[in-house]
Amino acid sequence: GVALVRSGKLVDALEIFRQAVAVTPGNPDAQRNLSVAYFDSGDLPRAAAHARAGLALRPDDAVMRDILDQVNQSP
């Protein structure tokens, strides 16, 4: 999925990340990857939801905290 993001194939990456979360919902890295991809695609509600899910698993994750901060500051 990360390689797809780097290649500019965000839609394909989102599908891979969604599958990863479906298979391993307790994996904070999967939650973070999906959150970042949703954020990059402009889907802020879903980005926030997965950031919150990931933070429940890994409370000290700076990336997911940053996503939530940015979502909360957006109009």
* State, with a plain yes or no, whether a side-chain heavy atom of H50 is found less than 4.5 Å away from one of V36. => no
* Asked: Do V2 and V21 sit in the same hydrophobic cluster, where Ile, Leu, Val, Met, Phe, Trp and Tyr count as joined when their side-chain heavy atoms come under 4.5 Å apart?
  -> yes
* To do: Check whether more than 12 heavy atoms from other residues, nucleotides or ligands sit under 6.0 Å from atom CZ of R46, and answer yes or no.
  => no
* Structure fact -> Nearest heavy-atom approach of F17 to V5 is CE1-CG2, 3.9 Å
* Asked: Which pair of heavy atoms, one from G26 and one from P28, lies closest together, and at what distance?
  -> O-CD, 3.3 Å
* N27 side, atom CG; R58 side, atom CZ - distance, nearest 0.5 Å -> 7.5 Å
* To do: Answer yes when D12 and K9 have at least one side-chain N-carboxylate O distance shorter than 4.0 Å, and no when they do not.
  => no
* Asked: Should F39 and L34 be regarded as members of a common hydrophobic cluster, given that ILVMFWY residues are connected when their side-chain heavy atoms come within less than 4.5 Å of each other, either directly or indirectly?
  -> no
* To do: Considering non-hydrogen atoms only, spot the tightest contact between P25 and Q31 and give its length.
  => O-NE2, 3.1 Å
* Between atom CD1 of I16 and atom CG of N33, what is the distance when rounded to the nearest 0.5 Å? -> 11.5 Å
* Asked: Are L68 and M64 co-members of a hydrophobic cluster defined by side-chain heavy atoms under 4.5 Å apart?
  -> yes
* Asked: A13 and G1: which non-hydrogen atoms are nearest, and at how many Å?
  -> CB-O, 3.4 Å
* Is a side-chain donor or acceptor of S41 paired with a backbone partner of Y38 at a separation under 3.5 angstrom? -> yes
* Structure fact -> Between S74 and L44, the two heavy atoms sitting closest are OG-CD1, 3.5 Å
* Asked: What pair of heavy atoms forms the shortest contact from S35 to I67, and how long is it?
  -> OG-CD1, 3.4 Å
